[in-house]
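These notes are about the structure you will find just below.
Indexing begins at 1, ligand by ligand and atom by atom, following the structure's order. Values below: all heavy atoms of this structure, side chains included; hydrogens, waters and symmetry mates excluded. Not measured: the values here are computed from a predicted model.
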Amino acid sequence: MLSKKIQLGLVKQLNRELESSLLYLSMGSWVERKGYDGICEFLYDHSNEERMHMLKLIRYLNRRGGEVTLDKILIENITYPSLKELFLKLFEHEKKISDEINLLVEISLREKDFFTYNFLQWYVEEQTEEEAVSKMILDKIELIGEDKGGLYFFDKDMKNFHKNKKF
Ligand code: OFO
């Protein structure tokens, strides 16, 4: 049986994953319109990954007799002044998600819910990767700067990012 605090925390987190999925989706749509096919592929693929993160939480809650509620999440059609601004926002978003996962782990320990603690370790590992990936992309974009050729090749590389990922 899940405690009230764990139940609340898990539902909050699954809705954050849903929000992440929609955020990546809307970012993907923005870059697609700008003609960055590779980055668009990365963002759409990642939107699916975030949905999988949400589903994992839903299934865990159901397995443990919890209750799932989905929020109405509105992601405005976002526009960005530049690719750099977009990835800056993404990096900040992932850092916020990491803080929330850490808090959830802390609550699971305080509640002595070692099942949930154990379940959350997958998210701890995943967030290490998520932060590293968004930071790596941001660093590359900063390095490329205004170099249009560099951006063209970077966009090409991003096409197979999820297939070739080394993290
Ligand atoms: Fe679900 O990891 Fe990103 O937000």
Task: Listed once per pair and sorted, the ring-ring contact (aromatic ring centres under 6.0 Å, His included) pairs that draw on residues 71-108, sequence neighbours left out - done: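 Passing the test, one end in residues 71-108: W30-Y80.
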TODO: Please step through side-chain contact (heavy atoms from CB on, under 4.5 Å) for the pair M1 and R64, ending with a clear verdict.
DONE: CA-CA 6 Å; M1 188 69 185; R64 300 279 324 272; 6.0 Å; no
Open item on the list: Does atom OH (Y117) have a neighbourhood of more than 12 heavy atoms from anything else shown, all under 6.0 Å?
Closed with: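 No.
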Open item on the list: Strictly below 4.0 Å, N to O, side chains only: are K135 and E131 in salt-bridge contact?
Closed with: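 E131 and K135: not salt-bridged.
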Side-chain donor/acceptor pairs under 3.5 Å, residues 6-17, sequence neighbours excluded:
| unit_1 | atom_1 | unit_2 | atom_2 | d |
| --- | --- | --- | --- | --- |
| Q7 | OE1 | E67 | N | 2.9 |
| Q7 | NE2 | E67 | O | 2.6 |
| Q13 | NE2 | E17 | OE2 | 3.1 |
| N15 | OD1 | D71 | N | 2.7 |
| N15 | ND2 | V11 | O | 2.9 |
| N15 | ND2 | T69 | O | 3.0 |
| R16 | NE | E100 | OE1 | 2.8 |
| R16 | NE | E100 | OE2 | 3.2 |
| R16 | NH1 | E19 | OE1 | 2.3 |
| R16 | NH1 | E19 | OE2 | 3.3 |
| R16 | NH2 | E100 | OE2 | 3.2 |
| E17 | OE1 | H53 | ND1 | 3.4 |

Return all side-chain donor-acceptor pairs below 3.5 angstrom for residues 146-155, not counting sequence neighbours, or 'none' if the list is empty.
| unit_1 | atom_1 | unit_2 | atom_2 | d |
| --- | --- | --- | --- | --- |
| D147 | OD1 | G149 | N | 3.1 |
| D147 | OD1 | G150 | N | 3.2 |
| D155 | OD1 | G38 | N | 3.0 |
| D155 | OD1 | I39 | N | 2.9 |
| D155 | OD2 | D37 | N | 3.1 |
| D155 | OD2 | G38 | N | 3.4 |

Task: Atoms of the protein (N/O/S only) found under 2.8 Å from atom 3 (Fe) of ligand 1 - done: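 Correct list: E50 OE2, E94 OE1, E94 OE2, E130 OE1.
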